[in-house]
Amino acid sequence: MPARTDPPRTRENTVRAEPPMVPFVIQREGEDAAPDNLLLSSLGPDRYRLHYADEDPGTVTCAACCGPAAPSGTVDDLGRPVGRPQWRMMQALRCQVCAERARTPLGFIFLAGPDTVDPDDRTVLTNQPPVCPEHARMSADLCPHLTPDPMAFLVQSAPMYGVNGVGYGYGDQGVQVVQRPAGPIPYSHPLLPTVLASQMVRRLSAFRLVGLNQLLWELERAA
């Protein structure tokens with residue numbers, strides 16, 4: 001039986017001042033990606049660990065690296081994050097919109113924009129969290145990096161790979177950026193303890209590539 005094809009969807013030529021729903025994992029205004037209170041603690045000869053001067057248990061960290069600091073008062077009266085949202089932040093394997101479990105009967109859904117990944121690669125790195133079926137369409141509509149029917153990676157295995165970030169060390173201005181890696185930094189990299197991470201990166205190693213419209217149709221049949 002041939003796969004069902006849906007007519008192409010088109011975007012309305014309108015500008016919305018506020019989206020109907022802001023994804024949970026979006027970076028917020030005030031989450032400083034380059035704070036001025038970073039310190040390096042010695043771990044031995046020529047070995048250091050990057051951390052905040054006022055670091056506390058609430059500070060976001062990622063394995064051995066240092067994560068972006070969240071500003072004080074970052075939630076409203078309902079406990080929701082505040083601040084102008086920014087795209088492309090990675091967290092756990094939960095939906096990037098609602099923060100609920102993202103696993104489906106067919107696997108995890110990761111969306112990709114045009115020309116952002118090579119579909120012929122057997123291993124794909126992504127800094128995007130997955131989406132649940134309920135919010136996959138909303139993500140495609142809201143994210144400026146996606147088309148109305150984006151590529152969808154139906155993933156069975158997506159282990160953590162590393163982070164995107166910059167390496168800190170000592171320079172003329174004290175503790176400062178000394179390395180700017182061109183790509184993701186794997187967790188096994190010796191630079192990691194002195195990295196200020198901006199995005200987590202996962203490795204998609206067992207996946208099937210399909211259009212979002214087709215995937216949502218398959219999920220309806222699998223329910």
Atom pair [atom1] ([X]) and [atom2] ([Y]), whose distance is rounded to the nearest 0.5 Å:
X: Met138; Y: Cys95; atom1: CE; atom2: SG; result: 9.5 Å
X: Ser205; Y: Gln156; atom1: OG; atom2: CD; result: 10.0 Å
X: Arg203; Y: Met160; atom1: CZ; atom2: CE; result: 11.0 Å
X: Thr126; Y: Gln199; atom1: OG1; atom2: CD; result: 9.5 Å
X: Leu40; Y: Gln176; atom1: CG; atom2: CD; result: 10.5 Å

Contact summary for [X] and [Y], nearest pair of heavy atoms:
X: Gly167; Y: Leu191; value: CA-CD1, 4.2 Å
X: His51; Y: Ser41; value: NE2-OG, 2.6 Å
X: Leu204; Y: Ala158; value: CD2-CB, 3.7 Å
X: Ala140; Y: Pro148; value: CB-O, 4.1 Å
X: Val97; Y: Ser139; value: CG2-OG, 3.3 Å
X: Leu212; Y: Arg137; value: CD2-NH1, 3.6 Å

Could you tell me whether the side chain of Glu220 and the main chain of Trp217 form a donor-acceptor pair under 3.5 Å?
no
Whether the side chain of Gln96 engages the backbone of Pro129 through a donor-acceptor N/O pair (distance < 3.5 Å, no angle test) should be reported.
yes
Test item: [X] and [Y] side chains (from C-beta on) under 4.5 Å apart, heavy atoms:
X: Leu219; Y: Ile109; result: yes
X: Asn164; Y: Asn127; result: yes
X: Leu215; Y: Asn213; result: no
X: Val210; Y: Glu218; result: yes
X: Cys98; Y: Cys132; result: yes

Check for me, please, whether Tyr170 and Val166 land in the same ILVMFWY cluster - side-chain distances under 4.5 Å, paths through other members count.
yes
If hydrophobic clusters are built by linking Ile, Leu, Val, Met, Phe, Trp and Tyr wherever their side-chain heavy atoms come under 4.5 Å apart, do Leu39 and Val177 end up in the same one?
no
Please report the C-alpha distance between Val163 and Leu192 in whole Å, then the side-chain angles of each, then the deciding distance to 0.1 Å, and finally whether the side chain to side chain contact (heavy atoms under 4.5 Å, CB included) criterion is met.
CA-CA 9 Å; Val163 298; Leu192 198 67; 3.9 Å; yes
For atom CD of Glu134, decide whether the heavy atoms of other residues, nucleotides or ligands shown that lie under 6.0 angstrom number more than 12.
no
Could you walk me through whether Leu93 and Phe108 pass the side chain to side chain contact (heavy atoms under 4.5 Å, CB included) test, one step at a time?
CA-CA 8 Å; Leu93 275 173; Phe108 291 99; 4.1 Å; yes
With side chain to side chain contact (heavy atoms under 4.5 Å, CB included) as the test, would you mind laying out the steps for Phe207 and Leu154 before giving the verdict?
CA-CA 5 Å; Phe207 60 83; Leu154 186 59; 6.0 Å; no
Evaluate ring pair (Phe, Tyr, Trp, His ring centres under 6.0 Å) for Tyr168 paired with Tyr48, printing each intermediate quantity in order.
CA-CA 10 Å; Tyr168 275 73; Tyr48 298 93; over 10 Å; no
Check the pair Ile185 / Tyr161 against side chain to side chain contact (heavy atoms under 4.5 Å, CB included), numbers first and verdict last.
CA-CA 8 Å; Ile185 306 165; Tyr161 172 84; over 6 Å; no
